[in-house]
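The block underneath contains the structure these notes are about, expressed in structure tokens.
For ligands, and for the atoms within them, numbers begin at 1 and follow the listed sequence.
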Amino acid sequence: MYISRSHFCSLALGLAAVALPTICAAAEAPKIQLTPVFEKVQMTVERPISVVVPPDGSNRLFLVQQRGKILVLPKDESSADAKVFLDFTDRKMEANDQAKFEEGLLGLAFAPDFAKSGKFYVSYSQQDIKRSVYSEFKVSKDDPNKADMASERILLEVPQPFWNHNSGNMVFGPDGYLYLSFGDGGKRDDATRSAQNLFMLLGKVLRIDPSKPSGSRGYTVPQDNPFVGKEGTRDEIWAYGLRNPWGISFDEEGTFWLADVGQDVWEEVNLIEKGGNYGWSFREGARPFPLRTDAPPAGFTSIDPIHEYAHSDGISITGGFVYRGEKVPALKGAYIYGDWGFGRIWALKYDKAAKKVISNDLIYEAARDTKGKGLMKPNAFCEDQNKEILVLDWGGKILRVEAAK
Ligand SMILES: [Ca+2]
Ligand SMILES: [Ca+2]
């Protein structure tokens with residue numbers, strides 16, 4: 001049937017894919033299954049945001065839940081014995097309207113020297129004034145499975161005009177610096193015109209050294225950031241022109257992958273370069289954004305996504321990472337990502353030298369409800385301690401990707 005065919009085939013063959021859908025799908029796509037794990041761990045709050053493995057050799061999995069807790073998952077996947085590492089449920093992170101669901105605890109990253117320093121970083125929302133907060137914490141001296149809640153040091157607070165498009169993803173790069181992503185502030189149409197404004201932090205990727213404060217800042221800006229010393233810019237900025245990054249990662253070769261959620265039509269997979277402009281809101285996907293009627297400034301250039309899909313194939317991209325595990329050999333070297341709304345997962349292979357997508361296989365498709373919405377909503381793709389893929393379902397399940405039996 002049409003919706004289960006390889007997306008790559010439809011792109012390559014156009015209408016022919018409609019006429020001959022099963023030939024493509026059968027020839028290309030590796031078959032996977034999603035196996036539920038940690039089923040007894042109490043998801044007292046749904047909405048898992050990420051699973052992160054600290055670089056300390058402990059092979060522990062830290063589960064971040066949007067509504068306020070970080071859990072250390074049990075070594076025994078069949079056990080219920082998760083430890084509460086950090087609890088923000090007493091902080092007012094969300095507006096009092098459950099239909100507005102993009103606020104909360106949004107990111108976790110462990111310092112590269114976590115084994116020695118015990119430092120880690122979280123991003124979360126606060127109200128009155130509505131804002132994004134990025135903070136450093138230390139692990140408790142007495143218990144490696146507890147955060148020292150008194151150790152909080154706020155690095156950065158950025159006002160948020162609206163409840164949505166907060167992003168909040170964080171990851172350390174191979175250079176040891178912390179990369180943070182911000183959405184455009186929210187509402188629609190880049191309402192605050194932030195994404196192209198180099199004096200605002202919204203709609204950007206930032207690059208900072210959080211290990212030491214500098215002047216009035218809670219962090220230091222690396223001197224080789226692209227806008228250091230340029231008038232009318234914030235020197236924290238690494239890349240700009242982003243709408244709502246959801247899923248950022250570095251692969252083994254140091255390439256920076258970022259999925260940018262689209263507005264009306266196009267969802268994007270981007271490779272982030274130093275100083276790069278990713279187009280929003282003059283562009284959505286690889287074309288002009290029609291609701292922006294003013295002309296871009298003279299000399300405007302932007303980097304198109306390496307891959308995009310239209311809202312006939314999904315409505316909200318969830319980025320992932322380049323797979324290096326063993327369980328599904330056919331996926332090695334593929335960028336694993338999906339669509340939150342339709343419940344789809346794809347594996348994209350990209351030739352960096354030729355700058356070409358080699359293949360983009362639809363490898364999983366969730367059942368849908370009567371309104372067409374996926375019954376499994378992939379909210380994150382995370383690398384576990386063995387480099388295998390964990391899919392976090394918005395409804396509260398943790399699923400491991402395995403070869404189909
Ligand atoms: Ca916002
Ligand atoms: Ca873009």
Side-chain angles (χ1 to χ4, degrees), residues 49 66 92-97 99-107 123-134 156-170 180-198 200-206 237-248 256-273 275-292 296 300-311 314 316-319 337 348 355 357:
I49 285 279
Q66 186 184 359
K92 188 172 168 48
M93 294 194 292
E94 295 174 276
N96 293 326
D97 179 351
K100 298 178 175 172
F101 52 79
E102 295 185 19
E103 297 176 320
L105 182 55
L106 295 173
S123 68
Y124 60 103
S125 310
Q126 289 285 266
Q127 306 295 329
D128 313 316
I129 303 166
K130 191 183 284 296
R131 62 199 189 277
S132 290
V133 182
Y134 290 78
L156 185 61
E157 291 185 276
V158 176
Q160 282 286 354
F162 306 105
W163 63 276
N164 55 346
H165 304 183
N166 306 312
S167 188
N169 300 156
M170 326 166 76
L180 322 171
S181 58
F182 278 95
D184 66 7
K187 210 170 182 179
R188 285 176 57 83
D189 304 335
D190 189 16
T192 56
R193 292 289 188 259
S194 58
Q196 294 290 324
N197 181 340
L198 292 172
M200 294 175 77
L201 298 182
L202 301 175
K204 309 296 183 315
V205 169
L206 312 186
I237 296 169
W238 183 255
Y240 65 108
L242 299 163
R243 182 177 176 275
N244 191 27
W246 195 246
I248 65 176
F256 185 177
W257 296 76
L258 179 149
D260 201 10
V261 176
Q263 179 167 303
D264 292 323
V265 186
W266 297 102
E267 304 294 316
E268 304 183 357
V269 177
N270 294 287
L271 300 185
I272 298 296
E273 297 170 15
N277 178 0
Y278 289 84
W280 181 251
S281 53
F282 287 117
R283 291 169 77 75
E284 186 188 30
R287 57 193 57 67
F289 178 55
L291 298 179
R292 180 107 193 218
F300 174 90
T301 57
S302 65
I303 301 170
D304 285 338
I306 61 158
H307 177 69
E308 61 182 357
Y309 64 88
H311 279 198
S316 185
I317 194 169
T318 294
Y337 71 101
L348 180 146
K355 300 193 172 178
V357 171

Handout entry: Metal site the Ca ion (ligand 2): N/O/S of N270 inside 3.0 Å
Key = no

Fill in the blank from the handout: Checking D190, V265, D189 against F289 for side chain to side chain contact (heavy atoms under 4.5 Å, CB included), the one that qualifies is D189

Exercise for the section: Inspect the contact between K130 and E103 and indicate whether a charged nitrogen and a carboxylate oxygen are less than 4.0 angstrom apart. Expected result: yes

Completion exercise
For OD1 in N166 and O in N164, the angle at the Ca ion (ligand 1) (nearest 10°) is 90°

Problem - Backbone or side-chain N/O/S of F162 under 3.0 Å of the Ca ion (ligand 1) - result: yes

Exercise for the section: State whether G185 contributes an N/O/S atom found under 3.0 Å from the Ca ion (ligand 1). Expected result: yes

Practice task
Check whether the ring centres of F101 and W163 lie less than 6.0 Å apart, and answer yes or no.
Solution key: yes

Practice task
Assess Q160: does it contribute an N, O or S atom lying under 3.0 Å from the Ca ion (ligand 1)?
Solution key: yes

Practice task
Return yes when at least one N/O/S atom of E268 is nearer than 3.0 Å to the Ca ion (ligand 2), and no when none is.
Solution key: yes

Exercise for the section: Taking only Lys NZ, Arg NE, NH1 and NH2, and the carboxylate oxygens of Asp or Glu, determine whether R287 and E308 approach each other closer than 4.0 Å. Expected result: yes

Problem - K187, NZ atom: more than 12 neighbouring heavy atoms under 6.0 Å - result: no

